[in-house]
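The next block holds one structure in the form of structure tokens; read it before the comments.
Whatever order the structure lists ligands and atoms in, that order sets their numbers, starting from 1.
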Amino acid sequence: MKKTALIIQHFLLPDEMAVLEKDFRVIRIWKERDPETTIQENKDNIVVVISSLLPVRRSLIEALPNLEIIANMAVGVDNVDLEAARERSIVVTNTPAVLTNDTADIGLSLVLALARRIVEGDMYVRVGKWQNGPLPLGVTLTGKKAGIVGLGRIGLAVAKRLAAFEMDVVYHGPNRKEDQPYEYYDDLEKMAGDVDFLILCCAGGPATENLVTYEVLEALGPDGFLVNIARGSVVNEEDLLMALSNKKIAGAGLDVYTNEPYVPSPLLTMDNVVVLPHLGSATYETRTEMGRLVLENIQAHFNGEPLLTAV
Ligand code: 8YV
């Protein structure tokens with residue numbers, strides 16, 4: 001029996017899928033009428049699991065006795081039960097670095113869209129409101145302060161872009177980065193109180209779950225904007241909805257949500273909210289590179305070669 005790759009979710013391009021299918025029998029779990037039974041029937045042959053954002057749970061890992069590698073098509077691995085994988089010495093790989101600039105670009109797009117009412121303005125023209133008068137004024141970016149949560153690869157790329165817009169950059173995270181010129185806050189609420197834009201760029205997972213609470217949003221204040229390009233889990237979504245309804249913040253630009261692809265419906269009626277469908281890495285070039293990493297990690301593993309991007 002050909003070795004089998006179980007795909008939970010992927011963004012591989014057709015050419016890359018074809019490469020995978022040369023070496024593996026591929027099960028696309030969403031196409032199976034009865035996924036549980038398919039997994040049971042193929043459990044001995046499944047050696048690879050591919051996902052992106054959907055969970056790779058302990059129960060799945062434990063159901064697959066010959067699983068060798070989980071190749072996650074994302075830089076984030078908060079969807080993978082790393083502990084369960086480690087216990088079985090199952091290799092986990094991700095796709096870091098190749099998506100840094102594109103994801104940072106989406107962060108900046110959200111900052112611009114909020115400050116200059118770009119999305120609202122587009123709708124204003126389309127529905128014929130311009131003839132009735134101008135759109136309410138936006139806010140200047142030059143000289144404003146942005147607080148980045150998570151000054152990793154993506155956070156730094158966002159900082160670089162904000163600096164080009166002549167904005168002040170400060171950051172919060174678990175540790176001060178001695179090699180960075182930006183001011184560090186160990187207290188998120190304090191930083192939120194000092195900035196105009198709070199931009200979430202950190203990893204998801206238990207360490208950052210519900211980091212942004214009602215109190216943090218209240219501190220950000222009625223002139224402050226929230227931008228999330230990290231994970232939905234970083235923000236308490238109920239608190240965000242409440243803060244927006246109570247006008248505790250000026251607006252929010254969101255690329256990620258707790259229960260993707262479902263977006264809380266109240267957000268859809270708010271003019272001061274920009275909602276994107278998780279576009280961080282969604283360019284042809286970056287998805288090609290992410291797919292290459294997925295395939296090369298799998299190939300390297302089965303050839304006994306060093307992995308390119310092990311977690
Ligand atoms: C998505 C991401 O996985 O890499 C990550 O962690 O969040 C993104 O690249 C990808 O866009 C699929 O939606």
Nearest to [atom], what protein heavy atom do you find, and at what distance?
atom	value
atom 12 (C) of ligand 1	F11 CE1, 3.2 Å
atom 11 (O) of ligand 1	S281 OG, 2.6 Å
atom 4 (O) of ligand 1	V75 N, 2.7 Å
atom 13 (O) of ligand 1	L53 CD1, 3.3 Å
atom 1 (C) of ligand 1	H278 NE2, 3.5 Å

Is the positively charged end of R176 above the ring of Y184, judged by distance under 6.0 angstrom from the centroid and angle within 45° of the axis?
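No, a cation-pi geometry is absent between R176 and Y184.
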Return the option from R287, R231, E260 holding the heavy atom at the smallest distance from atom 7 (O) of ligand 1.
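Among R287, R231, E260, the closest heavy atom to atom 7 (O) of ligand 1 belongs to R231.
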Determine, for [X] against [Y], whether the closest basic-nitrogen to carboxylate-oxygen distance falls under 4.0 angstrom.
X	Y	result
E16	K22	no
E62	R57	no
D78	R231	yes

So which bit of L99 gets within less than 4.0 Å of ligand 1, heavy atoms only: side chain, backbone, both or neither?
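Answer for L99: side chain.
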Proximity to ligand 1 by part of M73, non-hydrogen separation under 4.0 Å
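The part of M73 near ligand 1 is the backbone, not the side chain.
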Closer than 4.0 Å to some heavy atom of [X] - which atoms of ligand 1 meet that?
X	value
M290	9 (O)
S52	3 (O), 12 (C)
G76	5 (C), 6 (O)

Can you tell me how far the [atom1] atom of [X] sits from the [atom2] atom of [Y], to the nearest 0.5 Å?
X	Y	atom1	atom2	value
L220	I249	CG	CD1	6.0 Å
M290	R292	CE	CZ	12.0 Å
T213	M242	OG1	CE	10.0 Å

Contact between ligand 1 and G280 is defined here as a heavy atom of the residue under 4.0 Å from a ligand atom; is it met?
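Contact absent.
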Just say parallel, tilted or perpendicular for the rings of F197 and F225, cut-offs at 30° and 60°.
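The arrangement is parallel - the two ring planes meet at less than 30°.
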Could an N or O of ligand 1 be found under 3.5 Å from any N or O of A230, whether backbone or side chain?
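No, no N or O pair falls under 3.5 Å.
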Is there any N or O on A74 that sits under 3.5 Å from an N or O of ligand 1?
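Such a contact does not occur with ligand 1.
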Distance-only donor-acceptor hits, side chain of residues 268-275, under 3.5 Å, sequence neighbours excluded:
residue: T269; atom: OG1; partner: P266; partner atom: O; Å: 3.0
residue: N272; atom: ND2; partner: A250; partner atom: O; Å: 2.9

